[in-house]
Amino acid sequence: MKFIKILSIIVLAGSILVCGGTLFALNTYPGKAKLIQRIEKNEGADLFGETGTPIGSPQQYIIEDPKAFTGKKTTDGAEEVDEKYLRDNKIYPLQLQTVRFIAQQSQLVSGATFILSLIVFFWSKKRISSAKQE
């Protein structure tokens, strides 16, 4: 029973750390995100003065390499990013929506784990004290 009690304490501490880490991510990453339109440049577009073919719709991305940005903006204010540069330099843009989803799921799981390990802790504590009385 002491092993279970110690294990539940470790799991309690781990769930608190995970919850704290997700709060840190939720507070840090939105400040780094920008509205970005990924652009696939092609030779034909350069001839006609266009920037290239848009890939998807503008999204909130976190890209920390300033060389990836073309310096141009779309009509809706999204910064254009060269997709070829991202591919060539193996830069994988992180979508803010993904960060939020994973952080929220981690908080749910760590919260449930915290509650379950708290129950196990008190249960094992009760079992240890009742075993000592016998």
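Heavy atoms only: backbone and side chains are in, while hydrogens, waters and symmetry mates are out.
Residue Q97 places its CD atom among 12 or fewer non-hydrogen atoms of other residues, nucleotides or ligands, all under 6.0 Å distant. Open room surrounds OH on Y29; 12 or fewer heavy atoms of other groups in view lie less than 6.0 Å from it.
With a 4.5 Å cut-off between side-chain heavy atoms of Ile, Leu, Val, Met, Phe, Trp and Tyr, the cluster of Y61 takes in I36, I63, F69, V81, Y85, L86, I91.
Both I9 and F122 are part of a single hydrophobic cluster, where members link through side-chain heavy atoms under 4.5 Å apart. Clustering ILVMFWY residues whenever any of their side-chain heavy atoms sit less than 4.5 angstrom apart, transitively, puts I16 in the very cluster that holds L118.
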One pair to check against side chain to side chain contact (heavy atoms under 4.5 Å, CB included): F3 and K5. What are the steps and the verdict?
CA-CA 5 Å; F3 173 73; K5 184 178 173 183; over 6 Å; no

Which is it for L94 and V99 under the side chain to side chain contact (heavy atoms under 4.5 Å, CB included) test, yes or no, and what are the steps along the way?
CA-CA 8 Å; L94 182 60; V99 171; 3.6 Å; yes

Evaluate the criterion side chain to side chain contact (heavy atoms under 4.5 Å, CB included) for residue pair T53 and I39; output intermediate values, then yes/no.
CA-CA 5 Å; T53 307; I39 301 291; over 6 Å; no

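Atom CD of Q104 is separated from atom CG of L108 by 7.5 Å, given to the nearest 0.5 angstrom. The distance from the CD atom of E83 to the CG atom of D88 is 10.0 Å, given to the nearest 0.5 Å. Rounded to the nearest 0.5 Å, atoms CG (L12) and OG1 (T113) are 10.0 Å apart. In this structure, CD1 in I119 is found 11.5 Å from OG in S8, a value given to the nearest 0.5 Å. We find the CD1-CD distance between I55 and Q37 to be 8.0 Å, quoted to the nearest 0.5 Å. Taking CD1 of I10 as the start and OG of S117 as the end, the distance is 11.0 Å to the nearest 0.5 Å.
Between K72 and E80 no salt bridge is recorded (no basic side-chain N to carboxylate O distance below 4.0 Å). Residues R87 and E40 are paired through a salt bridge, judged by an N-O separation under 4.0 Å between the basic side chain and the carboxylate.
Identified under the side-chain hydrogen bond (donor to acceptor under 3.5 Å, both in side chains) test for residues 12-25, with sequence neighbours left out: T22-Q107. Residue pairs satisfying the salt bridge (Lys or Arg N to Asp or Glu O under 4.0 Å) criterion with at least one member in residues 14-33, sequence neighbours excluded, are listed as follows: K32-E64.
Under the 4.5 Å side-chain criterion, counting only non-hydrogen atoms from C-beta, P30 is in contact with R100. Taking the side chain as every heavy atom from C-beta outward, L35 and E79 never approach each other to under 4.5 Å.
A side-chain donor-acceptor contact under 3.5 Å links S57 and Q59.
Minimum heavy-atom separation, L96 to A33: CD2-CB, 3.8 Å.
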